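This report concerns only the one structure given below.
Note that the structure is predicted; figures quoted are calculated from it, not measured. One-based numbering, in listed order, for ligands and for the atoms of each.
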Amino acid sequence: MHPRDHTIFALSSGRPPSALAVVRVSGPSASLALTTLAGKLPAPRQASRRLLHDGAGRPIDDSVVLWFPGPASATGEDVAEFHVHGGRAVLAALLTAMSAIPNMRAAEPGEFTRRAFENGKLDLTEAEGLDDLIHADTDRQRRQALRQLQGLLGNRARDWRERIIEASALIEAGIDFSDEGDVPAELMAPAVKAISVLHDEIAEVLAAQGQAERLRDGLVVAIAGEPNVGKSTLINQLARRDVAIVSPHAGTTRDVIEVQLDLDGYPVTVIDTAGIRETDDPVEQEGVRRARARAEDADLVLWLVEAGRAVDQAAMPLLGKSGNASSPSGGSVWIVRNKIDLGAVEDVGPRGEFGIAASRGDGIPELVDALVKFAADFFGTTEGALVTRARQRDLLRRAADSLRRSLELVEEGEELAAEELRAAAYALGRLLGRVDVEDVLGAIFQKFCVGK
Ligand SMILES: Nc1nc2c(ncn2[C@@H]2O[C@H](COP(=O)(O)OP(=O)(O)OP(=O)(O)O)[C@@H](O)[C@H]2O)c(=O)[nH]1
Ligand SMILES: [Mg+2]
């Protein structure tokens with residue numbers, strides 16, 4: 001039996017216990033699941049209140065059930081939904097009763113969406129958008145995922161693919177009709193024009209990217225500096241809770257501490273690190289090693305120094321030779337002077353320097369504002385961005401490259417140009433999940449939640 005002939009079920013709502021829970025069923029036995037557990041089949045797409053019983057007639061829970069006959073359902077198959085009370089025992093009883101029904105089994109992660117995809121309910125970019133929407137933590141992530149789910153990239157790609165196929169039809173028709181193998185110019189000219197427009201449209205979408213892909217992962221900001229300058233105090237201020245131990249002892253923080261922040265809709269991971277200094281303590285040495293490594297990889301380093309003290313270039317290995325521009329990975333470095341409450345007269349230095357008193361909160365709003373601006377610059381204008389994954393970017397780039405090559409090859413021979421057009425259409429087909437995608441499908445859907 002093909003795995004698709006199985007009827008699958010899963011808890012689609014959050015982790016129990018919860019007030020209510022939704023168990024979804026999809027596949028040919030969805031109606032059997034309803035009649036077995038809830039009595040007669042309810043009217044399609046209407047909520048019906050039913051007392052559920054297991055196969056042996058023992059009551060399970062008072063519930064609301066829904067019946068979505070395929071193909072007008074989320075997966076394209078027959079779908080049933082059971083809205084029950086979200087207790088662990090209720091769910092255990094319901095899921096046990098479901099597994100006792102012939103041909104029914106628990107769903108794998110993403111299997112509902114995969115079936116929807118296989119039944120043409122959504123294309124692969126939309127499925128990726130759905131996954132992102134479920135995992136969106138911030139408002140900007142949500143909006144970007146929703147655009148993807150609504151098919152903004154998918155629709156463009158479908159349109160491009162059709163136009164590429166039309167252009168290759170023109171060229172191939174020319175090849176067939178010409179005796180000498182030279183396609184008449186009047187046939188080629190419109191094809192060449194169309195290909196060139198297509199190339200420019202795709203190139204434009206690729207260029208308008210900024211860092212939209214990074215919006216999924218977020219920006220990494222590392223707080224680093226010498227011991228005792230107030231790094232942990234600052235992360236506690238930014239997180240507005242006590243995530244890190246603060247103490248007057250130098251060398252308090254050893255492990256890297258991370259907090260996720262939502263800065264005006266931008267996802268930002270802030271990390272607190274061990275104070276960087278020479279030490280004989282092997283544990284602290286390891287902390288310093290980790291601090292350096294994480295700061296080097298960060299998109300932005302807040303280098304904390306005590307106000308009134310000169311910035312010790314030697315202790316600032318991150319800043320490299322140049323002094324202040326960027327970290328080795330190309331991230332930026334800002335100098336933040338802490339403890340301005342101690343009275344050191346502070347001329348707030350060149351651009352990118354801040355004066356704060358982390359323990360009292362002075363200067364924190366200004367620092368946060370600057371971080372939001374940094375994030376806005378970093379992510380660029382993601383509002384219009386269509387490409388949100390490396391996979392999508394890679395395939396679009398391949399399509400654009402093939403189109404460009406086909407333009408270059410037109411002079412040399414129409415067959416070569418037609419071959420490149422096929423490659424471009426193929427890349428867009430892969431983007432949409434239309435062709436040759438078994439390998440990507442597994443990778444994408446496995447990362448989904450069970451029940452999705
Ligand atoms: N006066 C004053 N003291 C501060 C300020 N910020 C932090 N401190 C104090 O400085 C000391 C060190 O603070 P921490 O936040 O633990 O410093 P750290 O940089 O994380 O230190 P390590 O983890 O050891 O590298 C603590 O006693 C804090 O209360 C400030 O703005 N003003
Ligand atoms: Mg610390």
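Those atoms of ligand 1 with a heavy atom of Thr252 less than 4.0 angstrom away are 22 (P), 23 (O), 24 (O). For ligand 1, the atoms lying closer than 4.0 Å to a non-hydrogen atom of Lys231 are 15 (O), 17 (O), 18 (P), 19 (O), 20 (O), 21 (O), 22 (P), 25 (O). Heavy-atom contacts of Pro248 reach the following atoms of ligand 1: 27 (O) (cutoff under 4.0 Å). Listed by number with element, the atoms of ligand 1 under 4.0 angstrom from any heavy atom of Leu342 are 1 (N).
Paired with Asp401 under the rule salt bridge (Lys or Arg N to Asp or Glu O under 4.0 Å), one option of Arg398, Arg405, Arg404 passes, and it is Arg404. None of Val270, Thr273, Val301, Ile257 except one satisfies the side-chain contact (heavy atoms from CB on, under 4.5 Å) rule with Ile223; the exception is Val270. In summary, of the residues considered (Arg115, Arg114, Lys121), a side chain to side chain donor-acceptor pair (under 3.5 Å) with Glu118 occurs for Arg114 alone.
With atom 6 (N) of ligand 1 as the reference point, the heavy atom nearest to it among Val288, Asn338, Ile364 is part of Asn338. If you check each of Leu234, Asp341, Ile276 against atom 2 (C) of ligand 1, the one with the closest non-hydrogen atom is Asp341. Residue Ala358 holds the heavy atom nearest to atom 31 (O) of ligand 1 of all those in Gly275, Ala250, Ala358.
Contact annotation: for His249 versus ligand 1, heavy atoms closer than 4.0 Å belong to the backbone alone.
For residue Thr252, no N/O/S atom approaches the Mg ion (ligand 2) to within less than 2.8 Å. Among the backbone and side-chain atoms of Ser247, none of the N, O or S atoms lies under 2.8 Å from the Mg ion (ligand 2).
Geometrically, ligand 1 and Gly230 share a nitrogen or oxygen pair separated by less than 3.5 Å. Residue Lys339 has at least one N or O atom closer than 3.5 Å to an N or O atom of ligand 1. Remark: ligand 1 and Val246 share no N or O pair separated by less than 3.5 Å (distance only, no angle test). Between Ser232 and ligand 1, an N or O atom pair is found at a separation short of 3.5 Å. Not a single N or O atom of Thr273, backbone or side chain, sits closer than 3.5 Å to an N or O atom of ligand 1. For ligand 1, the polar-atom distance check finds an N/O of Gly251 within less than 3.5 Å of one of the ligand's N/O atoms. Looking at Ser247 next to ligand 1, an N or O pair under 3.5 Å apart turns up.
For the residue pair Thr7 / Asn103, no side-chain donor-acceptor distance below 3.5 Å is found, with atom types taken as modelled. With 3.5 Å as the limit, one finds a donor-acceptor pair spanning the side chains of Glu77 and Ser26. A donor atom on one side chain and an acceptor atom on the other are found under 3.5 Å apart for Asp123 and Thr125.
Taking atom 21 (O) of ligand 1 as the reference point, the nearest protein heavy-atom neighbour is Asn228 N, 3.0 Å. The single protein non-hydrogen atom nearest to atom 5 (C) of ligand 1 is Ser359 OG, 3.3 Å, given as residue, atom name and distance. Nearest protein neighbour of atom 7 (C) of ligand 1, counting heavy atoms only, is Thr233 OG1, 3.2 Å.
Between Asp139 and Arg142 a salt bridge is recorded (basic side-chain N to carboxylate O distance below 4.0 Å). For Arg292 and Glu296, the salt-bridge test fails: no basic side-chain N is under 4.0 Å from an acidic carboxylate O. Between Arg294 and Glu258 there is a salt bridge, since a side-chain N of the basic residue sits under 4.0 Å from a carboxylate O of the acidic one.
Judged by distance alone, the side chain of Asp78 and the main-chain N or O of Gly70 form a donor-acceptor pair under 3.5 Å.
Smallest separation of non-hydrogen atoms from Thr253 and Ile245: OG1-O, 4.2 Å.
In this structure, Arg140 is positioned above the aromatic face of Tyr266, its NZ or CZ under 6.0 Å from the six-membered ring centre and within 45° of the axis.
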